[in-house]
Structures are given as C-alpha cells and as structure tokens.
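We name chains A, B, ... by the order of the sequence lines, and we start the count at 1 in each one.
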Number of protein chains: 2
Amino acid sequence: MALQPRNISDAGLRRLAAYHKVLQEMLLAGTPTVSATGIARVLALEPSQVRKDIEATGIAGKPKVGYPLAVLIRWIEDFLGWNNTKQAVLAGAGSLGSALLGYQKFRQLGMDIVAVFDNDPLKVGRTIHGKQVFFPDKLPSFALGAHIHLGVIATPASAAQATADLMVAGGIRALWNFAPAHLRVPDFVVVRNEDLYDSLASLTYKLEKRMAAERKAAAEVCAPVESAVVLLDACTW
Amino acid sequence: MALQPRNISDAGLRRLAAYHKVLQEMLLAGTPTVSATGIARVLALEPSQVRKDIEATGIAGKPKVGYPLAVLIRWIEDFLGWNNTKQAVLAGAGSLGSALLGYQKFRQLGMDIVAVFDNDPLKVGRTIHGKQVFFPDKLPSFALGAHIHLGVIATPASAAQATADLMVAGGIRALWNFAPAHLRVPDFVVVRNEDLYDSLASLTYKLEKRMAAERKAAAEVCAPVESAVVLLDACTW
DNA sequence: ACGGAATCGAGAAGACTTTCTCGATAAGGA
DNA sequence: TCCTTATCGAGAAAGTCTTCTCGATTCCGT
C-alpha cells in the first residue's frame, strides 16, 4: 500500500480514461494482471508515465507482475468518479445535443442526462432519446430541485453564456461546454470546453506544416535537375 | 517586424483559435486595434501569455496601441492554415457524423468535407447535408484521386482502426478522430483525438473533488454543533 | 515639446510534466 | 535454493509551458 495521492494533470486524467478502455479490452481477453509496460506498449506511451499516472490513483502494484486487472479498473473508475453517477441536464436539442443524448455509455462513465432544455417551441414537450424537452426558464428550479450539479451546453454560441448563467443559478457546479464561446462563470464552477473550432486549429496547423515540409523535401529532391535523371520518377507530379 | 517564428504548444494553438473568435467580435464592434491586455481580459488569461502566443505567429505590435485588428485576424488565419482550405473526407454517417456535416463554419476554418463514407447499405447512395454517402472501400481511391489529406473519423470504436487504415492508404495525412479508440498510424500522419469519454473523465474527477470539498467545508461549519446555534442557518440542507 | 501612461518584445525565473535512473522486490527456472 | 528477469516506486534530471520583469517605444494630454 502506501502511495500518497499525488496531483494529476488534466492530460493525466485523460490518459487514465484511455487506460480504462484498454484495460476493459484486456479483461474481456481474460488477462488477470497487467503491467505499466503492457499498457504503455498498447498506447505508445512511456512506461514510467503510465506508472506515474496509476500512482496518482493510489493503487499499488507488485514487482514483476504488475497490477491486478479487475482491481485496477475499479480503482480508476472510483478515482475518476465514474462509480458515483451524477445526474446532468442538457441545454440545446440540436443535432449535437441529440447525438450526445444517444451516447448511452455516458451513464457508465458517471454522467446521466435526465432532462433536456431548448427554447424552440417546436421541440419543447417532445421526447428525444427518451428524455423530455423543456423550456430553458424551467432549468434553474429543476436543477435545484433535483440537486443536479452537472450541465452540458450544446446550444449555439450566442445562447451559451445565458445558458451557463441559468445553470449556475440552478446550482450546477460543472459545465461541459460544446458551444464555441468563452463562458464567464464564478470560480466555484468547473468548465470543460469542447470547442471543435479550437481543436480544428491545431489539426489544420499541423497538417499545413506537414504538407509544407513534404513539399520542401520533394523540391529538394527534384530541384537540382542538372544532377540526375534517375530521380525523375520520384517526382511524378 | 523581426519576430522569428517560435515553437507553439498545442494549448497555444487552441488559444489562438479562441483569440480569433474574440477578435472577430471586436471587428464587428468596430475597434481598429487591440492589445494583448485587452484580449487577456476577455478570456481571463495572462497578458504575457497572449503576447507570447501572438509572437508565435510572427506579427508585430506597436507599444501603447497593440495590434491592428484586421491584420491580426488575417495573420492568425494564415498561421493556422485557415485561408488554405483543405478538402476532407468523413467516415461514419451516424448522428455525430451528421452533426459534423451540419457545421458549415468548418469551411471558413480551413476544412471542407466533400464526401461521406459509411458501410450501412441503407445510407450509401443517399445524401446528407448535400454530401453523397459512399461505401468505405471507395475511400482510398477517392482520396488519392482528389488529393485529399484530411480525414474525419466518426465511426463506432470497433470500426475506427480499419477506417484509419483506409484513410492512410488513401494518402490522408491528418486524422480527426471522434471514435473512442487509440489509432495506430504511421509517424507521418497527424492524429487529433476528440474522445468524449476521455474528456468526461477530467470533468467528473473535478466535479467529484469539488463537491467533496464543499461537503467537507459544510461539515466543518456544521460539525461542532456544540459551538453555536448562530451557524445553523449556514447549513440549510 | 515634454512627461506620464500603456504597451510591446524578449529574456529570466518559476511552475509544472515528462522522462530517466536506480534500488528493491517478486516470480520462475536451473 | 539461488540466479535471472521483469517490474514497481520514487527521487532526480530534463524538458516544456507559463508567468514575471524590465528596457524600449509610442501615444496623448498639458
């Protein structure tokens, strides 16, 4: 035992979730134990990093053997709060909101969306994936009454701040924000932004850089035309 | 001028995208220039961090004034590759894939999804948001023929690796992966994972920690019952 | 024209993350 | 039983990212 709980970074938390996925596959395969080295190999990470992340959960492994698989899975779930399911409200019943409602696996991962709010009168009163849609002005009292502390925002950017305000007023303490907007909330509210436009930025940047590097490499091969005809077939464009 | 281009972190790239959003709002408001301080205030960041990020793009500002707004916007777009639109293919025409197809703004942000692939015979041949759906086996030749280098994976996890393989075979160099699976791809392929389960991990962890801290704080106030009746109204639960 | 205030640019310092290294420990085979 | 091998745990080192600091620059009001 021992292992004082350490601080863990955001990246570390995401890696733990990835480990959890890998471990469940291994469980199905019937492996009884797993080593940090084994997990690292699957995910192409450093074994010492996996060990550090697992250390953060407080579980202890055995030299030469590793960690007992079932126990480690359970430990990670407890650590991430997945065994203590939290009810959640969803704002925005558009295509993204509907898609999120369809993710039944969320419930196993600690989140259960119990109600949906949208200000489109055509949607209010209807049922999406088994959840009823309400007007947003009902949100605060509903959340307060049901002691809900988790809110998912899948509205257009223009409605995101107002929605966040409603949620905070309803006692929500954690926001999962899919709208491309920066939310201003009190310090005691946790926000996780899932802005696709921001994510796209790093991808387009890296792709552009990669392609530029490739073009440059190709040019370096083809530029000295005087040098060789044998290289021509490397430049088929 | 001057300003040698520096390395920028992934987080920095995401912040640049956030700045871009803020700047466009300011442009609509008619502001001619903007300072790093001003951006930082809106997004609750450190001014020096904003300055460092902007430095990375290579644009130079003027003391006491800041940066010319229109130029800075354009500079960020160029830096992120948003003015050089890249065609993309999408795999998976489920609810998430359809939602992604509906994001018309992607085109302004450097990505244009031109074709959809799904192995559901009921979907193949149909049109979603104006894009035709094809069988996945057509993907490699299509991508090669159209010189497409960007692929979006919105399939179930079980199909993600096979889809990635098809895309790599089709010359794709950057993958935006929404499936909860770890993809094994060659080194020259850039992958950006958008795994919602991983994201949820950090949120549930933080929420749980926050709520535990609140319970503890409440307990500390209420526990020494012998001490005071005046504190009772602080414990209204 | 001058002084004060705001801002930039860039290096230094600090904080945080990841990787390295090594002693200790447990399993399995000779 | 002993030796080899794989692994853990944890501190040290290296690396990366963020924040601090300060001189230089520019604007604006007097």
Side-chain angles (χ1 to χ4, degrees), chain A residues 1-19 23 26 31-69 71-72 75-76 79 198 201-202 205-206, chain B residues 1-19 23 26 31-69 71-72 75-76 79 198 201-202 205-206:
Chain A
M1 276 264 44
L3 304 194
Q4 64 277 34
R6 293 147 182 284
N7 277 358
I8 188 163
S9 61
D10 216 74
L13 292 169
R14 310 189 110 236
R15 282 194 299 268
L16 278 176
Y19 304 161
L23 295 173
M26 289 176 170
T31 333
T33 63
V34 65
S35 68
T37 321
I39 299 175
R41 198 166 31 236
V42 175
L43 295 176
L45 296 170
E46 290 296 320
S48 45
Q49 173 146 80
V50 176
R51 233 175 266 129
K52 278 265 189 289
D53 290 336
I54 291 178
E55 246 179 275
T57 68
I59 194 175
K62 264 199 220 171
K64 176 85 180 188
V65 179
Y67 308 86
L69 192 44
V71 176
L72 179 54
W75 213 282
I76 289 177
F79 183 78
D198 291 357
S202 81
Y205 172 81
K206 284 175 191 161
Chain B
M1 274 266 42
L3 303 194
Q4 64 277 33
R6 293 149 181 284
N7 277 358
I8 188 162
S9 62
D10 217 74
L13 291 170
R14 309 189 113 240
R15 282 193 300 267
L16 278 177
Y19 303 161
L23 294 174
M26 290 177 169
T31 333
T33 63
V34 64
S35 69
T37 321
I39 298 175
R41 197 166 34 236
V42 175
L43 295 174
L45 296 170
E46 290 297 321
S48 45
Q49 172 145 83
V50 177
R51 235 175 263 130
K52 279 265 189 287
D53 291 336
I54 292 178
E55 248 180 274
T57 69
I59 195 176
K62 264 200 221 173
K64 176 84 184 194
V65 179
Y67 308 87
L69 191 46
V71 176
L72 179 54
W75 213 282
I76 290 177
F79 183 76
D198 292 357
S202 81
Y205 172 81
K206 284 176 193 162

For this session: For A:Asp10 and D:dC17, give me the distance from atom CG to atom P, rounded to whole Å.
Result: 15 Å
For this session: Round to a whole Å and report the spacing from CD1 of B:Ile59 to C1' of C:dT7.
Result: 15 Å
Seminar exercise, completed: Considering only heavy side-chain atoms of A:Ser35, the closest of D:dC8, C:dT18, C:dT7 is D:dC8
Exercise. Taking only residues two or more places apart in sequence, or in another chain, which ones meet A:Arg15 in a salt bridge (charged side-chain N to carboxylate O under 4.0 Å, His left out)?
Worked result: A:Asp53
Exercise. Taking atom P of D:dT19 as reference, at what distance in whole Å does atom CG of B:Asp53 sit?
Worked result: 10 Å
Exercise. Taking for each residue the nucleotide of DNA chain C bearing the nearest heavy atom, is the 5' side occupied by B:Pro47 or by A:Ser9?
Worked result: B:Pro47
Exercise. Which residue lies toward the 5' end of DNA chain C, B:Thr37 or A:Leu45, if each is placed at its nearest nucleotide?
Worked result: B:Thr37
For this session: Choose from C:dT19, D:dT18, D:dG9 the nucleotide whose nearest atom is closest to any side-chain atom of A:Glu55.
Result: D:dG9
Problem set entry | Under the side-chain hydrogen bond (donor to acceptor under 3.5 Å, both in side chains) test, residues paired with A:Arg14 that sit two or more places apart | B:Ser199
For this session: Round to a whole Å and report the spacing from CD of B:Glu46 to P of C:dG14.
Result: 16 Å
For this session: Output all residues satisfying side-chain hydrogen bond (donor to acceptor under 3.5 Å, both in side chains) with B:Ser202, sequence neighbours left out; order by chain, then residue number.
Result: A:Arg192
For this session: Using the test side chain to side chain contact (heavy atoms under 4.5 Å, CB included), find all partners of B:Thr31 that sit at least two apart in sequence or belong to another chain.
Result: B:Met26, B:Ala29, B:Leu69
For this session: Report the distance from atom CG of B:Leu72 to atom P of C:dT7, rounded to the nearest whole Å.
Result: 15 Å
Problem set entry | Rounded distance in Å - CD (B:Gln49) to C1' (D:dT16) | 13 Å
For this session: May I ask you to evaluate whether B:Tyr67 reaches the phosphate of D:dT26, defined as a side-chain N or O under 4.0 Å from OP1 or OP2?
Result: no
Problem set entry | Nearest-angstrom distance from the residue atom CD1 of B:Ile54 to P of C:dC8 | 8 Å
Seminar exercise, completed: Here the distance between atom C1' of C:dC8 and atom NZ of B:Lys52, to the nearest Å, is 11 Å
Exercise. Can you name the closest pair of heavy atoms from A:Tyr67 and A:Arg51 and give their distance?
Worked result: OH-CG, 3.5 Å
Exercise. In the 5'-to-3' direction, what one-character label does each nucleotide of nucleotides 21-30 of chain C receive under the scheme B = base within less than 4.0 Å of a protein heavy atom, S = sugar-phosphate only, - = no such atom?
Worked result: ----BBS---
Seminar exercise, completed: Shortest non-hydrogen pair, A:Thr57 vs A:Phe79, comes out as CA-CD1, 3.7 Å
Exercise. Roughly how far, to the nearest 0.5 Å, is the OH atom of A:Tyr205 from the CD1 atom of B:Ile8?
Worked result: 6.5 Å
